[in-house]
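Scroll down for the structure; my scribbles are underneath it.
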Amino acid sequence: LVGPIDVHVSVSGRTDLAAQIYRQLLAAILDGRLRPGERMPPSRELATRIEVSRNTVAAAYERLTAEGFLEGRVGAGTYVCGAHVAKPTRAPVGSVQPRALWRTLPDGPDFSGSSVPVADFDFRVGVPDAGLFPLDAWRRLVAAELRREAFRTASYGEPSGHPGLRAAVARHVGASRSVRAGADDVVVTHGAQQALDVIGRVLVDVGTCVAVEQPGYAMASELFRTLGAKVVKVPVDSEGLVVSALPAQARLVYTTPSHQFPLGAPMSLARRTALLDWAERHRAAIIEDDYDSEFRYADRPLEPLQSLDRCGRVIYVGSFSKTLSPMLRLGFLVAPASLRDAVRRAKQVTDWHTDVPSQAALARFIDDGLLGRHIRRATRVYAGRHALLTALLRRDFARWFTLVPSSAGLHLCVLLRDGVTVDLDRARELSLGVADLRGYDGPPGLVLGFGAIPSERIPEGLRRLSMCVGR
Ligand SMILES: Cc1ncc(COP(=O)(O)O)c(C=O)c1O
């Protein structure tokens, strides 16, 4: 049996005590702090705690019972009853307000559980296939880290991350992406997002000019804005970020060279070199967000900016959100040694460090070769979807769409030819989840993710898409 709820009640003065208790309990029930089915403390116990007579508490309980908010169950105590619809709390007039900036940020999507509608033909961007997640291995490794002995010495951990994981990440990105890093260069973060936050804290002052790609990743540009940066959008063409369009005053450039987000094309080698030259000349830093390039379907990838950099200007950011799962919130950054101390302190003042058992489990996962095996297996699955999607788009949609070439990651883009429109309301009615490229500040087009949709649904999904296209 679940024990009674430890509800907070406070009374003042000597009069009107039952009414005071009544009002506080009623408010707690109405705004959902006390939920239907919860057991109230026995009246004698509550009375002792708040130093009133038992009759006073009993009177408050009786009134709430008479009004249908509580019910007494014989021999079992008093319970909150019914399904009261909890009223959302309303801020009293004059409540504190956020800085003006927060009113200018668009509302993000609603992720509050069941209210996220998932389309039957789910071309959502940025989510890997949950069915491929190596759950048994992960559960085993996390369970091993949660053994009693591991907690004997439980204390705060190193802000930069679990030493074994930092070493494993350095080896992993060194081998698979030719990133030049030793364990000391790696800082473990809560996803790429926190890596951007930590870097921003270290490099961005109020008014610092930060250049981002357009179209681009709003979670990055919005983050830099919240840190006080002046964010400037720089166009992207078929070779990637247009370096000649960078404002001279930019001190930080955020870019996604392996698989431009959201267009999908890689940055050419000429552009990579030009960007590094530009950063050196302008004494600017570059964030290379390499969020999903582990999944590659064609030729050898180009060298990351980080390994081409000879001047210590590039901070490489990686994530396990696509290779494992976004809900684990595991990512990392590789910073030049000149930033090491500041980055470590920035991570520490933000949240001390990332959860140690998860880090230790991931270290084992990488060291035991399970990450490599999982990536190889998932790549085979995603490569099939990428090939199918590309072939069908070329075959059936060529008169409407131009496909942006891409050979990595979990999504691709199409641009609408002149005069072509896509009815996205109709798409929703057809349970088709596709994203409008304009939502990413891009030209008319669509972003099609293939992380979540099984291959066998792709043909029917595209058939439905053809029903939404017009000219
Ligand atoms: C451009 C870009 N960067 C990074 C990420 C991953 O972010 P995180 O590691 O915070 O989940 C995503 C996810 O969609 C992304 O699109």
Side-chain angles (χ1 to χ4, degrees), residues 108-109 111 116 122-130 133 161 165 169 172-173 177 186-201 210-224 226 231 233-234 236 240-241 252-267 286-295 304-306 315-334 347 350-351 354-355 358-359 362 371 375 378 382 404 406 408-413 433 435 437 439-442 447-452:
F111 288 102
V116 183
D122 185 7
F123 290 102
R124 232 175 334 153
V125 181
V127 281
D129 192 326
F133 182 77
L165 180 56
V169 166
H172 168 66
V173 288
R177 303 288 298 118
V186 175
V187 173
V188 178
T189 57
H190 285 108
Q193 193 63 23
Q194 192 188 34
L196 302 183
D197 183 48
V198 165
I199 299 162
R201 284 164 193 262
V210 177
V212 299
E213 297 171 328
Q214 180 182 28
Y217 188 44
M219 286 287 280
S221 49
E222 289 172 359
L223 171 70
F224 297 129
T226 66
V231 173
K233 294 179 176 175
V234 176
V236 170
L241 181 80
L252 180 61
V253 181
Y254 167 80
T255 180
T256 49
S258 297
H259 185 233
Q260 202 278 332
F261 189 87
L263 291 174
M267 185 185 282
I286 299 170
I287 298 179
E288 174 172 36
D289 181 356
D290 207 12
Y291 62 104
D292 72 353
S293 66
E294 285 89 347
F295 303 121
L305 292 168
Q306 197 271 358
I315 304 130
Y316 179 91
V317 169
S319 173
F320 293 97
S321 288
K322 317 293 160 177
T323 45
L324 288 172
S325 168
M327 76 179 175
L328 297 177
R329 308 309 304 132
L330 286 165
F332 61 93
L333 63 84
V334 176
K347 169 69 180 168
T350 308
D351 67 353
T354 296
D355 150 34
S358 302
Q359 292 191 68
L362 181 55
L371 180 67
I375 291 175
Y382 296 138
V404 180
S406 82
L410 294 181
H411 69 266
L412 50 79
C413 264
L437 184 52
Y440 300 88
D441 238 347
V447 194
L448 295 156
F450 49 87

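Reckoned from all heavy atoms, side chains included, excluding hydrogens, waters and symmetry mates. All ligand and atom numbering here is 1-based and tracks the order in the structure.
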Lining ligand 1 at under 4.0 Å, by non-hydrogen atom distance, are residues Gly191, Ala192, Gln193, Tyr217, Tyr254, Phe261, Asp289, Tyr291, Ser319, Ser321, Lys322, Arg329
What is the ring orientation for His259 with His411, classed by angle as parallel under 30°, tilted 30 to 60°, or perpendicular over 60°?
-> tilted
In terms of ring plane angle, is the pair Phe261 and Tyr440 parallel, tilted or perpendicular, where the classes change at 30° and 60°?
-> perpendicular
For Ala452 and Arg124 the tightest heavy-atom approach is CB-NH2, 4.3 Å
Any chance you could measure His172, atom NE2, to Thr323, atom OG1, to the nearest 0.5 Å?
-> 6.5 Å
Here the pair of heavy atoms bringing Ser321 nearest to Ser319 is N-OG, 2.9 Å
side-chain hydrogen bond (donor to acceptor under 3.5 Å, both in side chains) against Tyr316, all qualifying residues, sequence neighbours excluded | Asp290
